[in-house]
Structure formats: C-alpha cells, structure tokens
Colleague: 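What follows is a single structure, and I will ask about it in a moment.
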Amino acid sequence: MTQRTVYVNGDYVAERDAKVSVFDRGFLLADGVYEVSSVLDGKLIDFSGHMQRLKRSAGELEMSLPWSDETLLEIHRELIRRNALEEGMVYLQLTRGSAGDRDFAYPDASTPPTLVLFTQAKALVDSRSGSEGIRVATQPDWRWTRRDIKTVQLLYPAMAKMAAKAAGADDAWLVENGMVTEGASNNAWILTHDGVLVTRELSHAILPGITRAVVLEIAAALSLDVEARAFSVAEAQSARECFVTSASSFVTPVIAIDEVMIGDGRPGDVSRRLRSAYIEESRRRAI
Ligand code: PMP
C-alpha cells in the first residue's frame with residue numbers, strides 16, 4: 001500500500017514513521033482541537049474560514065497556536081503536493097503537547113503544542129450520498145456543552161453514528177430537549193412548506209460550521225428566506241426538504257428521519273440547487 005506523507009511538528013514523513021509521544025495530552029486527555037479543509041482540483045476550499053475557527057477554538061482553550069495563516073497554508077499546500085491530492089480532505093490536529101508526565105494542569109508555555117496534518121482522498125463531488133441523499137436516525141445529544149469548540153473529543157459522535165447505523169440509517173441527528181442541535185458531524189437544515197430555510201442559531205450548543213456560513217451567503221444571493229432558529233424532530237419530519245452541511249459532505253440531502261420519509265423520499269430541488277451552487281462557488285474561490 002502506498003504510504004501517505006504526513007506532517008508532524010515541522011517534518012514531512014512517511015505515515016509509518018510518524019510519531020507523537022504517548023504522554024501527548026491529545027491522547028491522554030483529548031486536550032486538542034482540529035480542522036478539516038476540503039480539496040477540489042488540488043485546491044483548498046473555505047481555507048480562511050477554517051483557519052479563523054481554528055484560532056477561535058485554540059483561543060477558547062488557552063492553547064497556543066504559534067503559526068501564521070500563511071505558514072499553515074504552506075503546510076497544507078505542501079501536503080497536497082506531496083500526496084498528489086486532487087479531491088479529498090486535509091486534517092489538521094493541534095494538541096497541547098506533552099510535558100512528559102500525566103497531569104491535569106496545563107503545562108507551562110515552554111511545552112510546545114503538537115501539530116499534525118494528514119490528507120485523506122475522497123470523491124466529494126460525485127458521491128452517492130450527495131446525489132441520492134442520506135437517511136438519519138435521531139440520538140440524544142450527550143456531548144459536552146461547549147460544542148462551539150472543535151475539539152478532538154469525538155467519542156460520543158462516533159457512538160451516535162454507530163447507533164444510527166445499527167438502526168439502519170446512514171448518520172445521526174442529535175436531539176436535546178426535543179430540538180435538533182445538529183448532525184453528529186454536520187449542521188442540520190430544513191426547508192419549510194412556506195419556502196423558508198431554517199438552521200439552528202449559533203450558540204455553545206452547536207459547531208459554527210464553515211460550510212453553513214457559506215451556504216447562508218449563497219442562500220442570500222439566491223434571495224431565499226432564512227431563519228436561524230431551533231426546530232423539532234417532528235417539524236423536520238414534516239418539512240418540504242431536509243439537508244446537512246459540512247466540509248466533507250458539502251450540501252447533502254436528507255431523505256428520511258427515523259424512517260419517516262421527507263417529502264416524496266427523494267432529494268429536494270432546493271437542496272440540489274444549493275449543493276451545486278456551493279460546489280460551483282467553492283471551485284471559484286478555491287486557493
Ligand atoms: N457540526 C459538527 C458537530 C461537525 O463535526 C461538523 C464538521 N466538522 C460540522 C458541524 C460542520 O462544520 P464544517 O462545515 O465547518 O465542516
């Protein structure tokens with residue numbers, strides 16, 4: 001199997017030679033944040049948005065991020081080049097590093113953070129879920145309450161996705177107090193019968209999706225009405241359309257929620273229009 005080249009703390013190395021300490025706080029305490037930027041035609045999409053959110057995530061956790069956007073862009077581009085990545089994702093993982101012992105207290109400023117980047121090839125534009133839509137199953141939102149920070153604590157989203165798969169669905173929508181917060185790894189949207197797009201308002205309850213922000217811009221450009229508010233599972237099940245947004249799924253139609261078909265059970269027109277507009281706009285803006 002071909003070895004990817006990955007980036008670890010300043011070096012580009014074959015994946016089999018890539019190492020971080022067993023005392024790394026990301027490993028021991030999930031003391032880390034991450035970002036995922038997608039690549040189309042070998043170029044990065046929504047890169048500045050992802051780097052802005054990375055700075056915010058690190059800032060909220062008092063984690064140092066001693067690299068400029070330009071340096072991070074160079075590392076992303078070098079990895080894309082070395083792995084000849086045309087379409088897929090670049091993952092950036094940042095942890096509070098290792099002070100050489102296990103300790104809850106944050107280490108002092110002399111402990112450097114750990115920075116790892118790796119690529120993952122994936123067909124993003126011509127995907128089955130993008131053209132046929134996905135089925136979701138609802139799960140209780142049992143994550144911590146600072147979901148606006150993109151941390152590497154992904155155990156509960158993994159559990160929720162497994163439970164959704166066990167229920168015969170493709171992915172999970174998370175529900176708190178009867179209202180949908182977001183998907184296990186994406187933001188949730190509905191289109192009402194009055195033609196209003198609805199997605200939950202930003203707060204500590206959800207991740208501020210970069211794709212969500214761009215789709216809001218596109219919706220405004222298309223003169224679609226938008227409301228940022230929470231919606232219930234029942235409202236979503238009886239909506240005209242449902243879809244999710246994320247860097248790696250763009251805009252993906254949702255065709256069933258807990259086995260209740262949305263509309264006629266096929267991807268809706270507005271979801272399809274937003275998907276192609278997002279892809280077109282992303283190709284235009286890619287760097
Ligand atoms: N919510 C959660 C919980 C996520 O994990 C993701 C994907 N990282 C998103 C929303 C979508 O964010 P983005 O559009 O920036 O990928």
Side-chain angles (χ1 to χ4, degrees), residues 30 32-40 44-58 60 72 76 87-94 117-118 120 122 124 127 129-130 134 136 138-164 170-176 179-190 197-219 228 230-231 242-252 254 271 274-275 277-279 281-282 285-286:
V33 296
Y34 76 112
E35 273 302 329
V36 187
S37 304
S38 284
V39 172
L40 280 185
L44 289 153
I45 62 182
D46 300 337
F47 184 74
S48 68
H50 287 287
M51 292 307 103
Q52 267 174 38
R53 187 173 61 190
L54 175 67
K55 275 182 262 180
R56 181 181 180 278
S57 294
E60 290 296 304
L72 293 173
H76 277 77
E87 197 165 319
M89 294 84 74
V90 182
Y91 284 80
L92 179 160
Q93 313 283 137
L94 171 74
L117 283 88
F118 60 90
Q120 201 149 291
K122 189 180 177 198
L124 301 174
S127 74
S129 51
I134 58 167
V136 302
T138 59
Q139 296 294 323
D141 198 338
W142 285 343
R143 298 173 300 166
W144 78 331
T145 49
R146 286 304 306 276
R147 303 159 192 154
D148 56 311
I149 308 171
K150 195 167 171 63
T151 75
V152 299
Q153 305 176 84
L154 296 173
L155 177 57
Y156 187 69
M159 288 169 67
K161 281 174 185 275
M162 293 304 288
D170 305 298
D171 204 352
W173 271 18
L174 304 176
V175 179
E176 191 169 57
M179 306 304 252
V180 175
T181 48
E182 57 186 334
S185 60
N186 44 56
N187 290 112
W189 300 66
I190 63 172
L197 278 174
V198 182
T199 192
R200 197 171 169 122
E201 76 279 9
L202 296 184
S203 71
H204 287 178
I206 65 166
L207 188 78
I210 303 306
T211 319
R212 174 189 179 280
V214 175
V215 170
L216 283 172
E217 281 176 40
I218 292 172
F231 53 83
C242 297
F243 61 90
V244 292
T245 55
S246 75
S248 58
S249 72
F250 302 159
V251 175
T252 294
V254 169
S271 310
L274 286 172
R275 180 178 174 86
Y278 175 78
I279 293 170
E281 188 61 18
S282 295
R285 294 190 195 177

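Here the structure is a predicted model, which means the values were calculated and not measured. In listed order, ligands and their atoms are each counted from 1.
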Colleague: Kindly say whether Ile149 contributes a backbone atom to a donor-acceptor pair with the side chain of Ser57 at under 3.5 angstrom?
Modeller: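 Between the backbone of Ile149 and the side chain of Ser57 there is no qualifying donor-acceptor contact (under 3.5 Å).
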Colleague: For Ser248 and Gln120: C-alpha separation, side-chain torsions, deciding distance, then whether side chain to side chain contact (heavy atoms under 4.5 Å, CB included) applies.
Modeller: CA-CA 11 Å; Ser248 58; Gln120 201 149 291; over 6 Å; no
Colleague: Would you call the rings of Trp189 and Phe243 parallel, tilted or perpendicular if under 30° counts as parallel and over 60° as perpendicular?
Modeller: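 Trp189 and Phe243: parallel rings.
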Colleague: Just to be sure I'm reading this right: ignoring hydrogens, which of Arg212, Arg143, Lys150 gets closest to atom 3 (C) of ligand 1? Compare them by their nearest heavy atoms.
Modeller: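 Shortest heavy-atom distance from atom 3 (C) of ligand 1: Arg143.
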Colleague: Could you list which atoms of ligand 1 come closer than 4.0 Å to a heavy atom of Ser246?
Modeller: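 Answer, ordered by atom number: 11 (C), 14 (O), 16 (O).
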Colleague: Starting from the C-alpha separation in whole Å, work towards a yes-or-no answer on side chain to side chain contact (heavy atoms under 4.5 Å, CB included) for Leu92 and His50.
Modeller: CA-CA 10 Å; Leu92 179 160; His50 287 287; over 6 Å; no
Colleague: Between ligand 1 and Val36, can you find any atom pair, the residue atom being a heavy atom, that is separated by under 4.0 Å?
Modeller: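 The answer is no, since Val36 has no heavy atom less than 4.0 Å from ligand 1.
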Colleague: Which residue and atom name correspond to the protein heavy atom nearest atom 14 (O) of ligand 1, and how close is it?
Modeller: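 For this ligand atom, the closest protein heavy atom is Thr211 OG1, 2.6 Å.
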Colleague: One residue to check: Asn186. Relative to ligand 1, which of side chain, backbone, both or neither has a non-hydrogen atom less than 4.0 Å away?
Modeller: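 Backbone only; the side chain of Asn186 stays clear of ligand 1.
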Colleague: What atoms in ligand 1 come closer than 4.0 Å to a heavy atom of Ala184?
Modeller: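 Reading through ligand 1 atom by atom, the close ones are 3 (C).
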Colleague: Do Leu202 and Asp148 have side chains that approach each other closer than 4.5 Å (heavy atoms only, starting at C-beta)?
Modeller: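 Counting from C-beta outward, Leu202 and Asp148 never come under 4.5 Å.
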Colleague: So which bit of His50 gets within less than 4.0 Å of ligand 1, heavy atoms only: side chain, backbone, both or neither?
Modeller: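 The part of His50 near ligand 1 is the side chain, not the backbone.
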Colleague: In terms of the angle between their ring planes, are Tyr278 and Phe250 parallel, tilted or perpendicular, with boundaries placed at 30° and 60°?
Modeller: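 Aromatic pair Tyr278/Phe250 classed tilted.
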Colleague: Quick one: pull up CG in Leu117 and CG in Leu72 and give me the separation to the nearest 0.5 Å.
Modeller: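 Rounded to the nearest 0.5 Å, the CG-CG separation comes out at 7.5 Å.
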Colleague: Got a salt bridge between Glu182 and Arg212, using NZ or NE/NH1/NH2 to carboxylate O under 4.0 Å?
Modeller: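 Result for this pair is no, no salt bridge flagged.
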Colleague: What I want to know is whether Arg53 and ligand 1 share at least one N or O pair that is separated by under 3.5 angstrom.
Modeller: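 Among all N and O atoms of Arg53, at least one is under 3.5 Å from an N or O of ligand 1.
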Colleague: Nearest 0.5 Å please: distance from the CZ atom of Arg200 over to the CG atom of Asn187.
Modeller: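 The CZ atom of Arg200 sits 11.0 Å away from the CG atom of Asn187.
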Colleague: Side chain, backbone, both or neither: which applies to Thr245 and ligand 1 if a contact is any heavy-atom pair less than 4.0 Å apart?
Modeller: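 For Thr245, only backbone atoms sit under 4.0 Å from ligand 1.
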Colleague: Short N/O distance, under 3.5 Å, between Gly183 and ligand 1?
Modeller: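 For ligand 1, there is no N or O atom that lies under 3.5 Å from one belonging to Gly183.
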Colleague: Based purely on interatomic distance, does Glu182 place a nitrogen or oxygen under 3.5 Å from a nitrogen or oxygen of ligand 1?
Modeller: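 N/O-N/O distance under 3.5 Å: yes.
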Colleague: Checking a contact table here: which protein heavy atom is nearest atom 12 (O) of ligand 1, and how many Å away?
Modeller: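 Checked against all protein heavy atoms, atom 12 (O) of ligand 1 sits closest to Gly209 CA, 3.5 Å.
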Colleague: Taking the minimum heavy-atom distance to atom 4 (C) of ligand 1, which of Ala188, Ser185, Ser38 ranks first?
Modeller: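 The residue whose heavy atom sits nearest atom 4 (C) of ligand 1 is Ser185.
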Colleague: In terms of residue, atom name and distance, what is the protein heavy atom nearest to atom 16 (O) of ligand 1?
Modeller: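 Nearest protein contact, heavy atoms only, for atom 16 (O) of ligand 1 is Ala247 N, 2.8 Å.
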